[in-house]
Amino acid sequence: MATIRPRTGIRPPAPPRGARPSRRSLLGIAAAGISLPTALSGCSYFTADTDPDALRFTFWGSPEEKDAVTSVMDMYTETSGVTTVAEHIPGDYATKLNALVAGNIEPDAGYLPEAMAMRLGAAGRIDDLFAQGDRYPKLTGLMPSAVHQWTPGSGTMQSAVEVIMLYIDPEVCAAAGVAPPTRLDEAFDPDGFVAAADALTVDREGRHPSDPGFAPQSIERYGVSGLSGTQSLYNLLHSNGCPVFDEAGTRSLFSTPEAVEVVTWVQELIHEHRVMPSPAQMQSVGGDAPGQLGSGRVAMVSTGQWELLNFTGTEMPYDVAVLPSFGQPAVMTYSGANAVFSSSPRLEETWELMNMLADPDVNPLFTNGLWMPVQEHCYRDEEFIARWTSGEVYPPGYREACIDATREAAIPSPHYSIRDYDRIDTQIGNILSSAWSGETPAREACAALDSQLEGLLQGRYEEAAL
């Protein structure tokens, strides 16, 4: 267990950075079912008019991600002679891709949000990864948590492995006497994390929430942000022995004592311990992880692996640590899918491109901090680990907090296993928002979730590894 050392003051806040959109926000709202093809009008990137025979790949992401994906596709064209078109769709991706599918003009392959990948796979619109055998070496030996089946023996893979972790300002933490752990077996327990966050939270007079006279209306720096997001919350739930949904995928487990304990604890971080901003307060904190740390408004930010890319070129100090734990090691993995559409007239060439996109030695998204590899040996082979973490963006704690932790305790996200999960996720976020705002006690919000999800949960897809 990490210890809290004597407080020695705080560092003046750095000037704020501009916020970048998150990978989740770039998706827009995932459409329920298939959108009407009328949505196609006026969208030039919906057709590959440069060459009707070109291999088309659609994807979302930041300008840096666009450049990286395009570079891999250009490399594939150079080595194979196959003309490719990289169709970057920077916003409302799910709705626009659904429109392509509805109009029967889907690309050869592309990024797919998790629930959409499974829904289209079950409908026969996605080509089966399992049927490729050993023809593509970068698509074999995958992390079990990165492979998902819509029927037994048929499925798809994630674009990458992405996990949730704490981004920290090591200088602020050191000044406050806080040492966020990087090892799973040393993770803060709930009480230890509250003590750490209290030491990092200060009002304008330098007082902490546990100090007499603390002014919650003039908080200068919060100890932590982000733990109320469903991705972070699910990690906490699993660490308390709650798998979120039952084995059949037809019942929510939010009313179980284990879930209520976690949701109550997160709510108390905001309203009792006053170490984490509420949703309303986040509007003034704002920004991505570099923005929150760089502005001095937050000392620890709970968010995903993909944020590492946003630290590129910054001069600010940062490191990473593991999330707090309720006792059971748990690292939930996320990421959309890379999928090949069954309608592609060039299936073999498209799978060859997918093999190249999944190669950490070729795709810069693995070395620039956005993605973690999908191949299991990349978490065990020291040579591979050294190669894909060679970039300057990887901080000292990364090896233990991300690579070792993922190897030891990776758990697949329910985003793939629960049918029509996009609808479920929206409902969970809506109901829990009343707990995070303080309008509804945690226990009541959990009960409301179980009630509201009862009619939405339609079971699970099959889950297994290659």
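Index from 1, following the sequence. All values reported here derive from a predicted model rather than from experimental measurement.
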**Prompt:** So Tyr222 and Arg297, side-chain contact (heavy atoms from CB on, under 4.5 Å) or not? Walk me through it.
**Reply:** CA-CA 6 Å; Tyr222 290 94; Arg297 294 302 312 279; 3.8 Å; yes
**Asked** Given Ser225 and Gln292, is the side chain to side chain donor-acceptor pair (under 3.5 Å) satisfied, shown in steps?
**Response** CA-CA 9 Å; Ser225 70; Gln292 293 182 52; 2.6 Å; yes
**Request:** Give the C-alpha distance, both sets of side-chain angles, the deciding distance and a yes or no for side-chain contact (heavy atoms from CB on, under 4.5 Å) between Thr70 and Asp67.
**Result:** CA-CA 5 Å; Thr70 302; Asp67 291 345; 5.7 Å; no
**Request:** Begin with the C-alpha distance, continue with both residues' side-chain angles, and end with the deciding distance and a verdict on side-chain contact (heavy atoms from CB on, under 4.5 Å) for Leu309 and Val393.
**Result:** CA-CA 7 Å; Leu309 178 62; Val393 72; over 6 Å; no
**Request:** Mind running side-chain contact (heavy atoms from CB on, under 4.5 Å) on Trp60 and His88 for me, showing each step along the way?
**Result:** CA-CA 6 Å; Trp60 66 76; His88 182 240; 5.6 Å; no
**Prompt:** Stepwise, does the ring-ring contact (aromatic ring centres under 6.0 Å, His included) test hold for Phe366 with Trp388?
**Reply:** CA-CA 6 Å; Phe366 294 105; Trp388 67 267; 7.7 Å; no
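The two atoms that bring Ile428 and Leu449 nearest to each other are CA-CD2, 3.5 Å, heavy atoms only. For Gly438 against Gln267, the heavy-atom pair with the smallest separation is CA-NE2, 4.5 Å.
At a threshold of 4.5 Å between non-hydrogen side-chain atoms, the residues Val266 and Leu236 count as touching. Between Asp404 and Arg407 there is a side-chain heavy-atom pair separated by less than 4.5 Å. Counting heavy atoms from C-beta outward, Leu269 and Val194 have side chains that approach closer than 4.5 Å. Residues Ser417 and Pro412 form no side-chain contact, since every pair of their non-hydrogen atoms from C-beta on lies 4.5 Å or further apart. The shortest distance between side-chain heavy atoms of Arg460 and Ile418 falls below 4.5 Å. Proximity of Val374 to Asn338: side-chain heavy atoms (C-beta onward) are nowhere separated by under 4.5 Å. Within the 4.5 Å cutoff, side-chain heavy atoms of Ile424 are placed close to those of Leu457. Counting only heavy atoms from C-beta outward, the side chains of Leu184 and Ser325 never approach each other to under 4.5 Å.
In terms of the side-chain hydrogen bond (donor to acceptor under 3.5 Å, both in side chains) criterion, Asn363 has no residue partners (sequence neighbours excluded). A search for salt bridge (charged side-chain N to carboxylate O under 4.0 Å, His left out) contacts involving Arg443 returns nothing, not counting sequence neighbours. Take Arg419 and apply the salt bridge (charged side-chain N to carboxylate O under 4.0 Å, His left out) test, not counting sequence neighbours, and it matches no residue. Taking Ser433 as the reference, nothing meets the side-chain hydrogen bond (donor to acceptor under 3.5 Å, both in side chains) condition, with sequence neighbours excluded.
There is no side-chain donor-acceptor pair under 3.5 Å between Glu114 and Ser413. In this model, no donor atom of one side chain and acceptor atom of the other lie less than 3.5 Å apart for Glu307 and Tyr318. Donor-acceptor pairing under 3.5 Å is lacking for the side chains of Tyr416 and Thr156. In summary, the side chains of Gln305 and Tyr398 do present a donor paired with an acceptor at a separation below 3.5 Å, with no hydrogens or angles considered.
The salt bridge (charged side-chain N to carboxylate O under 4.0 Å, His left out) contacts involving residues 258-277 comprise nothing, where partners must be two or more places apart or lie in separate chains. Applying the ring-ring contact (aromatic ring centres under 6.0 Å, His included) rule to pairs touching residues 242-293 yields Phe193-Trp265, Trp265-Phe326, sequence neighbours excluded.
Checked for salt-bridge contact, Lys96 and Asp92 miss the test: no charged N lies under 4.0 Å from a carboxylate O.
The only member of Leu308, Val298, Asn310 that meets side-chain contact (heavy atoms from CB on, under 4.5 Å) when paired with Tyr167 is Leu308.
Tyr334 and His415 have perpendicular rings, their planes meeting at more than 60° on a 0 to 90° scale where under 30° would count as parallel.
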